[in-house]
Q: 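Next up is a structure, given as structure tokens.
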Amino acid sequence: MQIETVVGAIQDQRADAIVVNLFEGVKNPGGATGAVDAALQGKIRRLIAQGDFRGKAGEVAVVYPDGQIPARRVILVGLGQASEFSQGKVRHSSAEAAKKARDLGAANIYTIVHGAGIGGLHVEQASQAVVEGTILGLYRFRELKTEKPERPDPGRLVLVDSDASKIGAAGVGARRGQVMAESTCFARDLGNLPANVLTPVKLAEIATNMAGITGLKTTVLEEGEIAQRGMNAYLSVARGSHRPPRFIIIEHSGAGSGDAPIVLVGKAVTFDSGGISLKAREGMEAMKGDMAGGAAVMGALRAAALLGLPLRVVGLIPAVENMPGGGASRPGDVVKSLMGLTVEIVSTDAEGRLCLADALTSAGDYKPQAIVDIATLTGACQVALGDQAAGVMGDPSLVESLRKAGERSGERVWPLPLFEEYDEQIKSQVADLKNTGGRGAGAITAGCFLKRFVRPGLAWAHVDMAGMSRQENGTAITPKGATGYGVMLLSALLGDWAAK
Ligand code: BES
Ligand code: MN
Ligand code: ZN
């Protein structure tokens, strides 16, 4: 989608659709909406007076100008209660307006910057949210459909502001929003691709291509090299599948990159059958999305490169398929990790932590200032937090940085404790530790497990996004299927980091 910013009056724009807004309960719109209403001789006020439009968040109505203004139609979108207004509401409302515009066949959308006026948001934040909502809301996964969609996507989005002094900041926000949202859509595509298409080899190819376009560096380790380095915990997962693993390393070296890097580690199990500890058949198709952490890391690096963040960032993605083939681990097997710790594999379905363990240890090679891993790691985390927040645990200051980044980006995280007493649950009779911790505190014992593989003294946090990777019902900004969760969270974290 082509995105532009222009100085002007929204009612003067020759557009397929112009978008204006209304807070809930407002009877006499002011600002840009008021100007459009005046040009339309009170059509919007009549709609409100009639009770046909209340301004609920995301509510949309269409008004036809009959030649009173050059636009072919006016889309009125609700922003909800002024007291509950936020960037999130802007995303939501922008998404609904954009979907309406598409349904009506609009090829271009001219919109005011919701929230930059009486909403009281900074224009940069507001325009970022408008663009994010528009792109995320319009997303659909059509790659494997042979038929063209009934309605094509609008090709152009124009942000219109009458205040020339705001337009620079609006442009900066719009650009950031576009990069964030398109990087999220990139991660969504990966999550939606089936496992027969998106194999570890394919994921590495996509990473390499993406890196070539955006100016990132990639290194891809094949099985021999993974074995040579001693990443046996990770390798043990790969052994059950005919599809070989790929350890993907992506590096962004922005300005001032003499500094120690931030290492992002993403779980990328292209399909999680459970292995010999086979999963139940119901819903197993969703496990094609078990690479969502890796996709989030890829998306975040894409965004870091395109935004030119003045940071060094390294992404480590141990891609693998978890299958019950002849080479698969058996419950009870013991493997020796890169850290040197021996692990008893009680369940081959707790495969993510085995891959992450070796990746986290190798993250130490980069002498990082921080390590953050993100993974669809435990059903227990999904049970605890549902689809409203990912679990986060680890270094308190990193956890707090992630919490803030989550709040701002709309991709929330919520802390869980790693009390040392939980370590009891992952003690093994035969090895240094085992890969499952029993029924209680499943998300936490997974975190405790990972912690053991981080080289001492390094700041590390773990994000369990098991509940966030897929939407069964869809929301305004996330259609059914892969959400691309984590790209905006990690990008916001990196953005904050670059600014400090
Ligand atoms: N990939 C799953 C976790 C998951 C569950 C992700 C639901 C997304 C939605 C993970 O590999 C897994 O199977 N975890 C087990 C761990 C258990 C065996 C200790 C789980 O949560 O049941
Ligand atoms: Mn599993
Ligand atoms: Zn898994």
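A quick note: this is a predicted structure, and the numbers were derived from the prediction, not measured. As the structure lists them, so they are numbered: ligands from 1, and atoms in each ligand from 1. All residue numbers refer to positions in the sequence shown, counting from 1.
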Q: Check whether any side-chain heavy atom of I262 lies under 4.5 Å from a side-chain heavy atom of Q369, and answer yes or no.
A: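 Yes - at least one pair of side-chain heavy atoms lies under 4.5 Å apart.
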
Q: Do the non-hydrogen side-chain atoms of V463 and L490 ever get within less than 4.5 Å of each other?
A: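 A side-chain contact under 4.5 Å is absent here.
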
Q: Assess the residue pair R412 and E407 against the criterion (salt bridge (Lys or Arg N to Asp or Glu O under 4.0 Å)); give the C-alpha distance rounded to whole Å, side-chain angles, the decisive distance to 0.1 Å, and a yes or no.
A: CA-CA 6 Å; R412 285 181 297 203; E407 202 59 56; 5.2 Å; no

Q: For A300 and L264, work out which heavy atoms get closest and say how close.
A: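 Between these two residues, the closest heavy atoms are CB-CD1, 4.2 Å.
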
Q: Please verify the inter-ring angle class for F449 with F453; under 30° counts as parallel, over 60° as perpendicular, anything in between as tilted.
A: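 It falls in the tilted class, 30° to 60°.
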
Q: Would you please test K89 and E84 for side-chain contact (heavy atoms from CB on, under 4.5 Å) and show each step?
A: CA-CA 8 Å; K89 291 282 180 5; E84 267 144 46; 3.9 Å; yes

Q: Cut-off 3.5 Å, side chains only: do D358 and S337 have a donor facing an acceptor?
A: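 No donor-acceptor contact under 3.5 Å links the two side chains.
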
Q: Going by the rule side chain to side chain donor-acceptor pair (under 3.5 Å), which residues pair with T378 if we only count those two or more places apart in sequence or in a different chain?
A: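 With neighbours one apart ignored, the set is D464.
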
Q: Give me the atom names and distance for the closest heavy-atom approach of M468 to T483.
A: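 Heavy atoms of M468 and T483 come nearest at O-OG1, 2.7 Å.
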
Q: Taking the side chain as C-beta and beyond, is there a heavy-atom pair between D272 and K279 under 4.5 Å?
A: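 Contact flag for D272/K279 side chains = yes.
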
Q: Any carboxylate oxygen within less than 4.0 angstrom of a Lys/Arg side-chain nitrogen, looking at K267 and D290?
A: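 Yes, charged N to carboxylate O under 4.0 Å.
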
Q: Crowded around W497 CH2? As in, over 12 foreign heavy atoms under 6.0 Å?
A: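 Yes - once you tally the heavy atoms of other residues, nucleotides and ligands closer than 6.0 Å, there are more than 12.
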
Q: Mind checking how many protein N/O/S atoms fall short of 2.8 Å from the Mn ion (ligand 2)?
A: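 With waters ignored, the protein N/O/S count below 2.8 Å is 4.
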
Q: With a cut-off of 2.8 Å, which protein N/O/S atoms are close to the Zn ion (ligand 3), if we only count those under it?
A: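 Listed by chain and number, the nearby protein N, O or S atoms are K267 NZ, D272 OD2, D290 OD2, E351 OE2.
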
Q: Under a 4.0 Å heavy-atom cut-off, what residues line ligand 1?
A: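 Residues K267, D272, K279, M287, D290, S347, D349, E351, R353, T376, L377, T378, G379, Q382, T436, A466 each place a heavy atom under 4.0 Å from ligand 1, listed by chain and number.
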
Q: Is a side-chain donor-acceptor pair under 3.5 Å present for S183 with R302?
A: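 Yes, because at least one side-chain N or O of R302 sits under 3.5 Å from a partner of the opposite role on S183.
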
